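Data first, discussion second: the structure below is written as structure tokens.
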Amino acid sequence: MSTRVSLLLSSFRPKYMNNTARKDYGANYITVKVAHADGSEVHFLIKKSIKMKWMKEDFAKRTKKSWHFLVFLTEEFERVKNDDTAITLQLRDGARILVYENEHSG
């Protein structure tokens, strides 16, 4: 069963923007799709300079999983670290991040 949850931070965007502010908004924010192997997908509108730890924690909270046991990978299979940003990962608008559960034995 596929679940799709959308999180858009458009409520933080000013209602009235001049052309310069509108260009700045588009230049500083991107949409990222975070897809879990079970089919659930969450869309984030994030600022390019925000740390990925926030996004990882929010994804785990929305999918009711512990983010400590999730592995986040870019489309190029580069591991997403907590201190990474969209700039350091060179993510483009509409980028997809893949999420897998970490196999652990005890």
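This structure is a prediction, so every number in the text was calculated from the model and none was measured.
With sequence neighbours left out, T88 forms a side chain to side chain contact (heavy atoms under 4.5 Å, CB included) with D84, T85.
In the hydrophobic clustering of ILVMFWY residues, with side-chain heavy atoms under 4.5 Å counting as a link, V42 and W54 come out together.
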Could you pull out all donor-acceptor pairs under 3.5 Å where a side-chain atom in residues 89-97 meets a protein atom, sequence neighbours excluded?
| residue | atom | partner | partner atom | Å |
| --- | --- | --- | --- | --- |
| D93 | OD1 | T31 | N | 2.7 |
| R96 | NH2 | E41 | OE2 | 2.2 |

Applying side chain to side chain contact (heavy atoms under 4.5 Å, CB included), run through N82 and K56 and close with a yes or a no. CA-CA 8 Å; N82 291 340; K56 292 164 83 173; 2.9 Å; yes
Are I30 and K48 close enough, and set up right, to give a side chain to side chain contact (heavy atoms under 4.5 Å, CB included), and what steps lead you there? CA-CA 7 Å; I30 62 169; K48 290 180 181 179; 3.4 Å; yes
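Annotation: salt bridge (charged side-chain N to carboxylate O under 4.0 Å, His left out) contacts involving residues 65-80, sequence neighbours excluded, comprise D38-K65, K65-E101.
Annotation: the span from K61 atom NZ to S66 atom OG amounts to 14.0 Å, rounded to 0.5 Å.
Using cut-offs of 30° and 60° for the angle between ring planes, the H36 and F59 rings count as parallel.
Partner of M52 under the side chain to side chain contact (heavy atoms under 4.5 Å, CB included) criterion, chosen from V32, D83, I46: I46.
The nearest pair of heavy atoms linking L70 to A60 is CD1-CB, 4.1 Å.
Hydrophobic clustering, defined by side-chain heavy atoms of Ile, Leu, Val, Met, Phe, Trp and Tyr closer than 4.5 Å, groups V71 together with L73, F77, L98, Y100.
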